[in-house]
Structures are given as C-alpha cells and as structure tokens.
Amino acid sequence: MREQRGGLECKRVMQPHPSFLQRFSTLIVVLVVSGLLQSTLAQNTAAPQSVADQGSATKEHSRLASQPGVALSEQNSNGQSASLTPVLGPGDEVEVTVYGAPDLSGHIRVATNGSISMPLVGYIRVAGLNSSEAEEAIEAQLRQNNVVNNPQVSVFVKEYTSGGISVAGEVSKPGVYSALGPHRLFDVLQAAGGPTDRAANKVVISHRDQKDATTLYISKDPAEMAASNVNLEPGDTVVVPKAGIVYVLGEVTRPGGYVLNSTGGITVLQVVAVAGGPTHVASAGKTRLLRRSENGFQEQRIDLKKLLRGKIHDVAVRDQDILFVPSSGVKSVLNASTLVATMGSAAIYHVPF
C-alpha cells in the first residue's frame with residue numbers, strides 16, 4: 001500500500017511538468033505566428049504604397065510628356081537668345097582681363113582682319129565670336145604659348161561697332177545702336193528719336209549677308225502695324241526714306257509742304273483742300289504749278305477757281321511740285337528761285353489720307 005501511495009505521489013509531483021511545457025510551446029507558436037502575420041501585413045501595406053508611388057510617378061511623367069510645349073519653348077527661348085547674341089567684328093572695342101597678369105590686360109580694338117594683339121601672345125582671331133568664345137580662344141592661346149599655366153580670362157565688350165544696328169535716313173538721331181538683347185523695328189526707331197516730319201511711311205531693311213533689301217510699309221491700321229514690327233539682328237541696316245513733298249505756297253490758309261504718303265496719288269484739288277483752301281484775297285484763277293525737270297522748272301497755269309467749281313479736270317501732283325496761289329492785291333509775280341527759297345522755311349504737314 002505504501003508503495004502504491006508513493007507511486008501515486010510521484011505521479012502527482014511529475015504531472016505539472018508536461019502541462020507547463022505544453023503551455024510554453026503553445027506560447028512560442030503563438031508568438032511565431034503573430035510575427036509572421038505582422039510581416040505579411042507590412043508587406044501587403046508596402047506593396048499598395050509602392051504601386052501608388054509608381055502610379056503618381058507615372059502620372060507626373062505623363063503630365064510632363066503631355067506638355068512638350070514648355071520644354072520646347074525653353075529650348076526655343078535659349079536658341080533664340082543664342083542666335084541674338086552679338087559677335088565681335090572689326091572696330092569693336094573690348095576690355096581683356098587676365099587674372100593675375102595685369103601686364104596682359106588692357107583695352108583692345110579689334111583690327112580690320114578680325115584679330116586682337118596681346119603681349120607675349122601675338123594675334124588672336126576673335127571676329128565672329130561672342131565674348132565667352134573669345135575668352136576661351138585667349139585662354140587656349142595663353143596655355144599654348146606657356147605664358148600662363150591656368151589662365152582665367154574675362155572679355156568685356158565696351159562698344160559694338162560692327163554688330164550694332166545702323167539707322168539712317170529720316171530719323172531724328174541717325175547712328176549705330178547697340179544690338180545687345182532682342183530688338184524689334186519700332187524699338188530701334190524709337191531709340192533713334194523716331195521718324196522726322198519728312199519721313200515716308202515705309203522702311204528699308206538690309207541684312208549684312210544678303211544683297212536684297214526688304215521694304216516694309218508702316219500702315220496706320222494697328223493690326224498691320226504690329227505685323228510690321230519685325231525682329232532685327234546685329235549688323236542690320238534700317239533706312240527711313242524721305243517722302244515726297246508737295247509745296248502749297250501763297251494765299252492759302254495753311255501754306256507749307258505736304259508729305260505724300262498716299263499710294264493712290266494726290267491731286268491739286270486734294271492738297272488745296274488740305275491747305276485750307278484759298279484765302280479771300282487769293283487770285284485763284286492765276287494759280288501756277290511749278291515742276292522740276294532736267295532743264296529747270298516747268299510752269300503750268302491752273303485755273304483753281306474753275307477747278308474748285310468742277311469745270312476742269314483735276315491735275316495730279318508729284319514730289320517737289322510747287323503750287324503757288326498769288327494774291328489779287330500784288331501785281332508783282334514771284335519767280336521760281338524765290339519760291340524755292342521759300343520752301344526751306346515752309347512748315348511740313350502730313351496729308352491725312
């Protein structure tokens with residue numbers, strides 16, 4: 001009996017150990033399964049986020065690809081700026097600075113052959129180069145001649161004489177104007193003080209490397225005027241020609257010179273009307289038209305009184321014609337030389353048609 005009781009007690013003492021191990025093993029399994037579940041959830045969460053990031057990146061790429069105009073406009077803008085950068089030419093004055101070598105620096109004018117002369121270097125051709133390219137050419141020559149080991153050169157253009165835009169003709173301030181930056185026709189004309197009172201309503205533009213010139217007519221219509229405001233390039237020449245002028249002198253309300261900018265032609269009746277018509281002391285029937293020729297002035301009598309009444313045909317006028325309306329109270333007749341002298345002091349008006 002005692003042995004059986006002892007065996008039962010031994011079983012009772014050893015019975016809790018398998019239960020503790022079983023619980024410990026179960027806990028480990030639960031922890032392992034929980035870790036696996038968390039790892040799986042993390043991967044599943046990261047995958048949609050990565051897909052979303054890829055999707056947003058794809059959308060951004062598609063958006064940029066669907067807007068090529070932005071990139072193209074930037075490229076075009078850079079290309080246009082590069083094409084409008086003035087280049088050096090004969091007569092231009094530059095300031096060359098070689099850092100660390102003041103004896104090599106100084107003001108230099110480009111020679112007629114397109115080269116500049118520097119001490120210890122000789123002649124360097126810079127014609128056709130912009131300032132940055134000229135700097136590289138000078139640095140290369142300094143290295144080649146072993147004058148400076150690591151040269152750093154700065155070229156500042158003080159005056160463009162070959163790459164400027166020349167404006168001549170009937171403008172207030174004719175001359176050569178800088179071509180730095182983009183320039184349009186009206187900008188250059190405004191810099192030249194604008195057209196004079198004797199200017200025609202057209203400009204002639206010639207390019208440096210082209211033989212044929214371009215003639216642009218400046219219309220009074222805003223849309224056509226905007227179309228005439230073309231871009232100009234370095235080396236262009238703009239000429240504003242002189243317009244034809246008819247002088248109406250004598251007994252009219254507004255004697256003076258009248259600019260002929262009409263392409264359809266002007267007649268005696270039109271210029272007399274613009275001049276305000278004859279005064280009350282005018283001898284309209286003795287009006288004279290003087291026209292220049294190779295042999296001097298040719299005189300033509302016009303009965304302005306009958307012309308105003310429509311009894312005779314109108315007469316077309318030309319450039320440099322002089323229409324003289326005498327006074328009925330003056331018996332002396334002015335000769336052609338006296339009328340020509342009067343033209344120099346006459347006021348200039350524009351025909352409004």
Side-chain angles (χ1 to χ4, degrees), residues 74-169 171 173-185 187-193 203-214 230-240:
E74 292 178 356
Q75 293 177 358
N76 292 338
S77 176
N78 294 335
Q80 182 179 5
S81 299
S83 63
L84 293 176
T85 301
V87 296
L88 295 171
D92 292 346
E93 184 181 356
V94 297
E95 181 179 354
V96 179
T97 303
V98 182
Y99 294 99
D103 295 338
L104 301 177
S105 306
H107 300 282
I108 308 173
R109 189 172 292 275
V110 182
T112 55
N113 60 359
S115 302
I116 60 174
S117 177
M118 294 184 60
L120 304 178
V121 178
Y123 290 95
I124 303 174
R125 183 169 180 81
V126 295
L129 306 179
N130 56 35
S131 58
S132 300
E133 295 170 342
E135 292 172 356
E136 295 176 358
I138 297 173
E139 291 174 355
Q141 196 68 29
L142 290 172
R143 283 193 296 267
Q144 182 178 351
N145 292 11
N146 295 323
V147 178
V148 181
N149 293 330
N150 186 19
Q152 295 183 359
V153 179
S154 173
V155 175
F156 174 72
V157 183
K158 298 189 65 177
E159 180 183 6
Y160 282 102
T161 58
S162 62
I165 299 175
S166 300
V167 184
V171 291
K173 297 182 294 183
V176 180
Y177 292 87
S178 173
L180 292 174
H183 281 285
R184 300 175 75 87
L185 175 60
D187 297 333
V188 175
L189 291 178
Q190 184 178 4
V203 295
V204 180
I205 303 174
S206 58
H207 303 288
R208 176 184 297 173
D209 299 328
Q210 298 181 7
K211 296 182 179 180
D212 298 332
T214 303
V230 298
N231 286 321
L232 299 177
E233 299 178 358
D236 286 355
T237 300
V238 179
V239 178
V240 181

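Small disclaimer: the values here were computed from a predicted structure and weren't measured.
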Can you name the nearest heavy-atom pair linking [X] to [Y], along with the distance?
X	Y	answer
Val126	Ala134	CG1-CB, 4.2 Å
Met118	Leu104	CE-O, 3.4 Å
Pro174	Ala168	CB-CA, 4.2 Å
Tyr177	Ala192	OH-CA, 3.2 Å
Ser105	Val98	OG-N, 2.8 Å
Asn149	Arg143	O-CG, 3.8 Å

By side chain to side chain contact (heavy atoms under 4.5 Å, CB included), which residues pair with [X], not counting sequence neighbours?
X	answer
Gln141	Val121, Ile124, Gln144, Asn145
Val94	Leu88, Val96, Ile108, Val155, Val157
Ala111	Asn113
Ser154	Thr97, Tyr99, Glu135

| message | Main chain of His207, side chain of Gln210: is a donor-acceptor contact present, judged purely on distance under 3.5 Å? | response |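 Here the side-chain-to-backbone pair does not exist.
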| query | Does CD belonging to Glu95 count more than 12 external heavy atoms closer than 6.0 Å? | reply |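 It does: Glu95 CD has more than 12 such atoms within range.
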| said: What I'd like to find out is whether the side chain of Leu142 reaches to under 4.5 Å of the side chain of Val147, using heavy atoms alone. | reply: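 Of all side-chain heavy-atom pairs linking Val147 with Leu142, at least one is under 4.5 Å.
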| Note, Ile165 side chain near Val176 side chain (heavy atom, < 4.5 Å) |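 No; the side chains remain at least 4.5 Å from each other.
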| query | Under the salt bridge (Lys or Arg N to Asp or Glu O under 4.0 Å) rule, what pairs show up with a residue in residues 99-113, not counting sequence neighbours? | reply |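 Residue pairs passing salt bridge (Lys or Arg N to Asp or Glu O under 4.0 Å), neighbours aside: Glu93-Arg109, Arg109-Glu159.
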| task | Could you list all the salt bridge (Lys or Arg N to Asp or Glu O under 4.0 Å) pairs where at least one residue sits in residues 112-132, not counting sequence neighbours? | result |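 Of all non-adjacent pairs touching residues 112-132, none passes salt bridge (Lys or Arg N to Asp or Glu O under 4.0 Å).
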